[in-house]
Amino acid sequence: MNSFSKIGIVFGLLLCVTACADKNSPNYQYMPNMYEPVGYEAYGEVDFLPNRQEAMAPPANTISRGWIPYGYENTPEGKELARIQKSPLDSLSMEEDLAVGGQLYTIYCAICHGDKGDGQGTLVKREKILGVPKYSDPARNITIGTTYHTIHYGLNSMGSYASQMNTKEMWQVSEYVMKLKQDLTK
Amino acid sequence: MKLSCQDVDRNKIHMKKVPYRHSISKVLGVTLFVFLLFSVSISAQEDGAADEAATEAAGAGDTAGDPAKGKALFNQNCAACHALNRKMTGPALANVETRLSEDEGLDREWLYKWIKNSPGLIASGDSYAKKVYAEYNQAAMTPFPTFSNEDIDNILAYTAAPPKTAAPAAAGADAAAGTSGASAAGGISNEIILGALALVFALLVGMLFLVNKTLRRIAEANGVVLEDDASPKRLPLWKAFAKNQFLVLVTVVFLLLGSAYFAYGWMMQVGVDQGYQPIQPIHYSHRIHAGDNKIECKYCHSSARVSKTSGIPALNVCMNCHKSIYQVADETLEEGKREYGVDYNKEIKKLYAAVGWDEENQKYTGESQPVEWVRIHNLPDFAYFNHSQHVSVAGIECQQCHGPVEEMEIMYQFAPLTMGWCINCHRETEIKVEGNAYYDKIHTELSKKYGVEKLTAAQMGGLECGKCHY
């Protein structure tokens, strides 16, 4: 009987050790000074920057890599001026651009605009976000220029996607949107 | 508990004489079981009734014809900027017609003109048009020249008596009552079951004690001698054991091996954070975003496509959706409170506070604070891992390394992230050659060298120390 309770105690302790291990805090490390970086890690916290935040917007008057400055203003007039822009992408590589644009479209736009661009993405079907237009909406009469403008600046309740894609990728998506519009009006 | 176990054992020993003593408890158990069955079906019926009531209430609202069409038009065309009872990019539109005619003396004609061509109306110098335009920071409302007057009548009918809000106002109350009733019923029936089980258990234990006692009494009365009182004094077991040296040696060896095994196991898991699940500053749920709403991983973790880090999205990415989604649906809220004890709407308010979004006026205040997400996956500094190589080049799904993220309410580390884990996968996974011009030449040469059709990442050099340690 005594040995029973001893075994019980041992098992109880084992249970405690395994079950009470705290999953909210990280495990011990052998040699932390080889594990912890000396340099700054992406998105880390540092002392000398505002908000102690490493992730910051690029400084004024600089151009990030993969970016080309955009000349039109974020106003209705700017958008009208942007209407007649042409895509700077090479029309010979159209097929590749459309393939890439299609993939990016599926990641960033289809959730609201739908795979076919008919304004019926998952979020719209679940009634989380309303008022997403069809690309073929005649009142909007979108062109590749206004599409790029919209991706770059956003429009009312649609946000800007300029932080997630570079200039070339935004043009690729715009081309793909024009293709969707064509397919919709067909 | 332990005591009662042993008592059960003893019961068995002494049971021979009175074999049917147990039947009472059995009968009791059976009746309780039957009662339980009933209670479950009763609460199930209640649920059904509540559901029906809710659907009826919702159905009742839909009967009006025009507002329903108006709702469709409104959701399609106007809802991006207008809500019924809340300021968005444009003003709240509930009862807009009566409001305008009472406050401003404007009639339906004005509304036709405004909706079909608001910039034209502003340009024509209409005083109220200019006033609201200025009031809303000169945000332009899209003109709708293709709308007929009838379309606009439908929309106005909807804003005057919206079927959905009329229904929710009525049905909302009903449904709320219904759902809370139903869930309360569900909760109660669960509790009943648990309570009843506990009761059955307590009863059983009580019965066993009683049975044990009576048996002993009967045994005494019959003159049966109980074994443990009767057994003569023997050599205690441990002394017999200590005398046998061979046995002692074997046990010691086993004990040593056993503890070495456990010690090794314990030391190997030092530094491995599998299962690490810290509490994040905002209760952000991958289950809701990536699971229920099927948002692509790369929508938020967009740098995984092109860079080493996968990154945590900046708050402007959240606001792409949360400018419009200022609260979660009622069912979602209900579920969160019930299953996770979290008020999701408060979590969204935390997001607004961090990004500095003023809901009242629908603009940014400019005062933001960073959200301090706690990093979960983190390799030691001496190991190099690159997301784009695995996600874009090798085409590996995020889930293969990060587990069923779309089911995680709270993010945790799924894989051990040990060197063995990386190496195993490199040995087993074939590289994706198709459509990658870089591999055309090197692939043919290497496959000749190894004499295989398909190359694994290991054969491409994925085991060289310098690839991961630099």
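Quick note on labels: first sequence line is chain A, next is B, and so on, each numbered from 1. Computed from a predicted model, the values in this text were never measured in an experiment.
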Under 4.5 Å from any heavy atom of chain A, what part of [X] do you find: side chain, backbone, both or neither?
X: B/Cys78; result: neither
X: B/Ile410; result: neither
X: B/Asn316; result: side chain
X: B/Gln413; result: neither
X: B/Lys323; result: side chain

For this session: Could you tell me which residues satisfy ring pair (Phe, Tyr, Trp, His ring centres under 6.0 Å) with B/Phe147, sequence neighbours excluded, listed by chain and number?
Result: B/Phe144
Under 4.5 Å from a heavy atom of chain B, the part of [X] involved:
X: A/Leu155; value: neither
X: A/Val124; value: neither
X: A/Pro76; value: side chain
X: A/Ile107; value: both
X: A/Tyr43; value: side chain

For this session: For A/Tyr28, check side chain to side chain contact (heavy atoms under 4.5 Å, CB included) against everything at least two apart and list the hits.
Result: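 Checked A/Tyr28 against side chain to side chain contact (heavy atoms under 4.5 Å, CB included); matches are B/Val270.
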Problem set entry | Residues which pass side chain to side chain contact (heavy atoms under 4.5 Å, CB included) with A/Asp47, listed by chain and number, not counting sequence neighbours | A/Arg52
Exercise. In residues 157-169 of chain A, which residues are in contact with chain B at a heavy-atom separation under 4.5 Å?
Worked result: A/Ser157, A/Gly159, A/Ser160, A/Tyr161, A/Ser163, A/Gln164, A/Met165, A/Glu169
